[in-house]
Amino acid sequence: MIADVVLPIPVGKYFSYTVPVEIAPYVSLWSRVRVPFRQRDATGIVTAIREGDGTGLKAILEPLEFFPLVDPELAALADWASSFYLTPKGLVMKYALPPLRDIERYLVVETTGEGPSAAGSALLNKTIKRLGRLRLVQLFRQGSISLRDDITHRKFTAAHPMAGPSGDNQTERTVFIDSVGHRLERYITLIGKHIDDNGNILFLLPDHYAAGAYFTEKMKAIYGDRVLWFSSGVPVKQRMETYFRARQEGGYIILGNKNSVFLPVHNLSLIIAERYDDDEYRNEESFKFNAIRTAIERARSGGIPIVLGGAACCANIIWHARENGIAIQCNDWMAGSNFTNTIKTVGSRSPGELLDRLCTDIIETVHRGDNTAVYVPRKEYGSYLKCYVCRGPLACTKCGGHFDYDRDKDTLHCTACDAERPYMDACPNCGSNMIGFARIGASFVYDHLSRTAPGLNVTLITGDSLKEELPALRKKGPHRTQCLVGTRALSKLYGYHVDKLILADWEELRKMSGFRSEEKTHQIIANLIDALTPDEIVCYSRSRKSADLVPYLKTTAFYENELRKRKEADFPPFTRIFLVEARAKTQGAADRALAKVKTVLSDNDLDPFLFGTIPHNKPPFHSWKTVLKGPKDLLDSAFTDLYNIAGVEIEADSPNF
DNA sequence: AGCACGCCGACT
DNA sequence: GTCGGCGTGCTC
C-alpha cells in the first residue's frame with residue numbers, strides 16, 4: 001500500500017511513502033502521519049491511499065492521530081482554498097489545523113476495558129512516552145481506552161460533522177451594508193434564532209482587540225458564557241476550549257478572526273462576517289488567502305446561511321454575492337445621515353496653511369466641549385520637505401535626491417543616497433526659509449497640536465499605538481473632552497462617538513496606486529464614519545479646488561459605478577489577477593528565477609495573459625513580480641511547475657499592485 | 001522550508 | 001594553502 005503525503009513546505013507536489021501493514025489500519029485519508037524526509041522527520045497529511053508495492057519509497061513511520069481530525073467538509077474547503085489561492089496543500093493544512101501538541105496537551109487517557117491495567121486516567125503525553133503512540137492508537141481503536149479532554153471533560157471522539165438546523169437559508173444569505181448599530185441589531189436577531197435551536201454561530205471579526213473587544217462585550221452582555229473565542233489573540237487554553245466545544249457541542253457563538261474560518265464546527269448554522277471589507281481578513285503569510293471569500297465558499301458548499309455585514313461596499317464581494325444568489329441589502333445609510341448636510345470643505349494654499357486652520361478649528365471645538373477626531377491619510381511625520389522658492393522638494397546636495405525629515409534625530413535625510421545633514425530652517429540650495437512639508441502625516445499634526453496648544457488632551461491613534469491607547473480611551477469614557485489624531489486605525493474605535501470628524505487632506509487617498517484606490521477611499525471614509533458616528537464632518541484640503549466627498553457616501557451608486565468601470569477595464573472581479581513572485585538574495589539569482597518562471601508560463605501557453613513584470617526590491621531580497629490577468633483557473637496547469645522553482649510564491653487576488 | 005553540495009574571498 | 005560565504009538543487 002502506498003500513501004501520498006503533503007508536507008508543510010512551499011513545494012507543489014506530494015511525496016509517496018509505503019504503508020507498513022501493522023500501521024495500515026490507522027492511516028486514513030486526511031490523517032496526520034510522521035514520515036522520514038531528508039535527514040529528519042516531518043509531519044505530513046495523507047491525501048491519497050492506493051495500491052502498489054512502492055519499491056524505492058521510504059515508509060511511513062507512525063500514525064499521529066487516533067482518528068482523522070479533518071472531516072470531509074474541512075477537507076473539501078482546504079482543497080478548494082489550495083487550488084483557488086494556488087498554495088500547496090501542505091501549507092494550507094498547516095494553517096488550518098491547530099498544532100497536534102496544543103490538542104494533545106489537554107487530553108487524558110482513560111482505561112475502559114477490563115484489561116490488566118486498572119481503570120483510571122493519565123495525561124496523554126505521558127502515556128505516549130510510556131507505551132508508544134502506535135500502541136495507544138491500537139488500544140483506542142479496539143476500544144480498550146478512550147480519550148477525554150481536560151477542559152470540557154467530554155469524550156474526544158471522531159466528531160460527526162452535521163449541517164446545522166436547516167432554516168430558511170436563502171433569505172439569510174445576505175450582504176448587509178448599514179451602520180454598526182443596525183448591524184448589531186441584525187446580528188442579535190439572527191443569533192437568537194439559531195442559538196435557540198442549539199446551532200453554533202461562527203462570527204468572523206477583523207481583529208481581537210478592537211472590533212473583537214467591542215462585539216465580545218455586546219455578545220457577552222446577552223449570551224454570557226455561550227460566547228467563545230478562537231483566534232491567535234487568546235491564550236492557548238481558551239482557544240483549545242473553543243476547539244473542543246465547537247466540534248461537539250451546540251448553542252455557542254464562536255468569535256474569531258481569519259484563521260477560524262477553518263474551524264470544524266458541529267451544527268454550524270450561521271456564519272456572520274463583520275466588516276467584511278477589512279484588509280485584516282487577508283492573510284499575507286505563506287498561505288495568502290482571504291477569509292471572507294473562503295467563508296462564502298464554506299457557506300455555499302455546506303448550505304449554511306451567511307451574513308456579511310459592513311459599513312462599506314466591496315465590489316468584489318457584491319459581484320460575488322450576485323453571482324451566488326446572495327441578497328444585497330444596502331440602504332445607503334450614510335447618504336441619509338445628519339452629517340451629510342453639514343459637510344464643509346476648507347481649502348488652503350499650502351500644507352502650512354491647512355495645518356494652521358485645522359488647529360484653530362480643533363482648539364475652538366475642544367473649548368466648546370466637543371469631541372473631535374482628525375483623520376490624516378499618512379502616519380509618518382510628513383513625506384518630504386519642499387522649498388517654495390525652488391518650487392520643488394529640498395534636494396540633496398550630494399545626489400539631488402529628496403530630503404525628508406528625521407524626527408528623532410532632527411536631521412534631513414536623503415531618501416536616495418541616505419546622506420544626512422543637520423536640520424536647518426532653510427533650503428540647502430537657495431537658502432530661503434520658505435520651506436515646509438509637502439504632505440502632512442498624523443504624527444506631524446499631533447506634534448504640532450501638542451506644541452501650539454499644550455493644554456489640549458490629544459491622543460495619537462495609529463496602527464502601532466492603537467492597542468496601547470484603547471484601554472485608556474475606554475476608561476475615560478465619553479464625558480472627557482478629547483481630541484484624537486490618527487490614521488485609518490481610527491475606524492477601529494467602534495462606538496467612540498465624536499461630535500466633529502475632521503478629514504485632513506483626505507483627497508490624498510485617491511492618489512493611492514492600484515485599480516482599487518477609489519474603492520479603498522470609500523471604505524476608509526465609510527468605516528471612519530461608522531465607528532466615530534460624527535454629527536459633523538469638515539474636510540481640510542491642501543489645494544483650493546477640492547474634491548467632493550459626497551459621491552463616496554452614496555454607497556449603492558458608488559459600487560454600481562465601480563462595477564461598471566471594472567467591467568469596462570476588464571479588471572477584478574471580472575477577471576482574476578495573479579502575482580508570481582520570483583525572489584532571491586542577489587539580483588542575478590532573482591533574474592534567473594524570473595527566467596525560469598517565464599519559461600514555465602510560456603510552456604503553458606500563458607503568454608497572452610501576461611500583464612507585465614515589475615521589480616519589487618525590499619532590502620534583503622531582490623524580486624520580480626510577474627502579473628497575470630485571466631480566468632480563475634488560469635494557473636492551474638502551471639501551478640506545480642511554478643512552485644518547484646526555488647524562491648517562487650504566488651499571490652492570487654492581490655489588492656495592491 | 002531546510003539542508004547538503006559546490007565554487008570564490010579573508011585568514012592562521 | 002584552508003574556512004566559509006551563499007547560490008542551486010532536491011526532498012518520496
Side-chain angles (χ1 to χ4, degrees), chain A residues 1-24 26-65 78 81-82 85-101 259 283-289 579-600 603 615-625 638-651:
Chain A
M1 200 162 75
I2 295 173
D4 296 335
V5 172
V6 291
L7 298 167
I9 54 175
V11 167
K13 62 184 180 191
Y14 56 78
F15 296 86
S16 303
Y17 293 85
T18 57
V19 187
V21 275
E22 65 275 20
I23 69 172
Y26 317 110
V27 171
S28 45
L29 211 55
W30 295 102
S31 67
R32 274 182 271 205
V33 289
R34 198 161 59 84
V35 294
F37 189 66
R38 275 284 173 119
Q39 319 287 66
R40 50 184 55 220
D41 295 356
T43 297
I45 286 178
V46 177
T47 53
I49 296 172
R50 56 199 165 85
E51 290 310 314
D53 69 346
T55 324
L57 299 182
K58 291 185 182 174
I60 287 182
L61 297 171
E62 64 175 359
L64 289 172
E65 292 177 346
S82 166
Y85 290 111
L86 298 144
T87 303
K89 223 167 280 189
L91 292 179
V92 173
M93 295 312 299
K94 188 195 162 94
Y95 183 90
L97 295 173
L100 205 58
R101 70 171 103 69
N259 61 343
N283 193 41
E284 315 238 82
E285 314 252 288
S286 75
F287 169 32
K288 295 171 179 159
F289 75 105
L579 300 185
V580 182
E581 182 179 18
R583 195 177 61 188
K585 275 205 180 152
T586 63
Q587 187 65 62
D591 292 349
R592 279 186 292 277
L594 174 66
K596 286 187 195 169
V597 168
K598 291 252 160 115
T599 309
V600 171
D603 290 350
H616 206 86
N617 297 326
K618 42 203 168 198
F621 293 104
H622 295 268
S623 96
W624 291 102
K625 280 188 177 175
F639 172 65
T640 309
D641 287 342
L642 285 173
Y643 259 102
N644 284 334
I645 304 168
V648 165
E649 265 184 49
I650 304 174
E651 183 180 2

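Within every chain, numbering begins at 1; the chains are lettered A, B, ... in the order of the sequence lines, protein sequences first and strands thereafter.
- Remark: P of C:dC6 and CZ of A:Arg592 are 15 Å apart, rounded to the nearest angstrom.
- Closest to the side chain of A:Gln39, out of B:dC3, B:dA1, C:dG9, is B:dC3.
- At a threshold of 4.0 angstrom between heavy atoms, the contacts of A:Val11 include nucleobase atoms, whether or not backbone atoms are also involved.
- At distances below 3.5 Å, at least one donor-acceptor pair connects side-chain atoms of A:Thr599 with backbone N or O atoms of A:Ala595.
- Atom CG in A:Asp41 sits about 18 Å away from atom P in C:dT11, given to the nearest Å.
- Residue A:Thr586 is classed as a sugar-phosphate contact, given heavy-atom separations below 4.0 Å to backbone atoms only.
- Checked by atom type and distance alone, the side chain of A:Ser82 pairs as donor or acceptor with a backbone atom of A:Thr87 at under 3.5 Å.
- Atom CD1 of A:Ile9 is separated from atom CZ of A:Phe15 by 4.5 Å, given to the nearest 0.5 angstrom.
- Following rounding to the nearest Å, A:Lys13 (NZ) and C:dG9 (P) show an atom-to-atom distance of 13 Å.
- Atom-to-atom, CD1 of A:Ile9 to P of C:dG9 comes out at 17 Å; the value is rounded to the nearest Å.
- When rounded to the nearest whole Å, the span between CG of A:Asn644 and C1' of C:dG9 equals 11 Å.
- Regarding A:Lys94, its NZ atom lies at a distance of 8 Å from the P atom of B:dG2, rounded to whole Å.
- Across all strands shown, A:Ala646 has no heavy atoms under 4.0 Å from either base or sugar-phosphate atoms.
- A:Phe289 and A:Phe287 have parallel rings, their planes meeting at less than 30° on a 0 to 90° scale where 60° marks the start of perpendicular.
- Listed nucleotides: C:dT11, C:dG7, C:dC12. Nearest to the side chain of A:Arg38: C:dT11.
- Within 4.0 Å of A:Tyr17, counting heavy atoms only, lie sugar-phosphate atoms of the nucleic acid but no base atom.
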- Query: Between A:Tyr14 and A:Val6, does a side-chain contact (heavy atoms from CB on, under 4.5 Å) hold up when you go through it step by step?
  - Reply: CA-CA 5 Å; A:Tyr14 56 78; A:Val6 291; 4.0 Å; yes
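- Put simply, CZ on A:Phe621 is 12 Å from C1' on B:dA1, counting in whole angstrom units.
- In this structure, A:Pro8 reaches neither bases nor backbone, as no heavy-atom distance under 4.0 Å exists between it and the strands shown.
- Here B:dA1 presents its P atom at 6 Å from CD of A:Glu649, a figure rounded to the nearest Å.
- The phosphate of C:dT8 (OP1 or OP2) has no side-chain N or O of A:Lys585 nearer than 4.0 angstrom.
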